[in-house]
Chemist: 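Okay, handing you the structure first.
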Amino acid sequence: MVIWSTGEIVVFFAVIGMIIFKLWSVWHVSLKAGANREGRTIFLGLITGLTLFAITAKIYISHVLG
């Protein structure tokens, strides 16, 4: 089991907040730009996929090093 320090927990919640802001801002800009539904879906899918990959990699590395 991995035990996270207080600093890691704070950073984790900060990253979650940034991810939520990133997804909201992409959605908002795509609406203002008049992007079609397919374009928004593809772009959000790419950003979500890359974000999930980064979070999974962080958790895996933390687990292996812990």
Chemist: Measure the CD1-CH2 distance between Ile47 and Trp27 for me, rounded to the nearest 0.5 Å.
Modeler: 12.0 Å
Chemist: Assigning hydrophobic clusters by single linkage (Ile, Leu, Val, Met, Phe, Trp, Tyr; side-chain heavy-atom cutoff under 4.5 Å), is Val10 placed with Val15?
Modeler: no
Chemist: Please check this pair: side chain of Thr48 against backbone of Gly45, looking for a donor-acceptor N/O pair closer than 3.5 Å.
Modeler: no
Chemist: Between atom CD1 of Ile55 and atom CG of Leu50, what is the distance when rounded to the nearest 0.5 Å?
Modeler: 11.5 Å
Chemist: Check for a donor-acceptor pair, side chain of Ser30 on one end and backbone N or O of Val26 on the other, with a separation under 3.5 Å.
Modeler: yes
Chemist: Working to the nearest 0.5 angstrom, can you tell me the gap between Lys22 NZ and Ile19 CD1?
Modeler: 6.0 Å
Chemist: Spell out, yes or no, whether Phe53 and Tyr60 are grouped together once hydrophobic residues are joined by side-chain heavy atoms under 4.5 Å, including indirect joins.
Modeler: no
Chemist: Quick check for you: to the nearest 0.5 Å, what is the distance between Leu44 atom CG and Thr51 atom OG1?
Modeler: 10.0 Å
Chemist: Grouping I, L, V, M, F, W and Y whenever their side-chain heavy atoms are under 4.5 Å apart, do Val29 and Leu46 come out in a common cluster?
Modeler: no
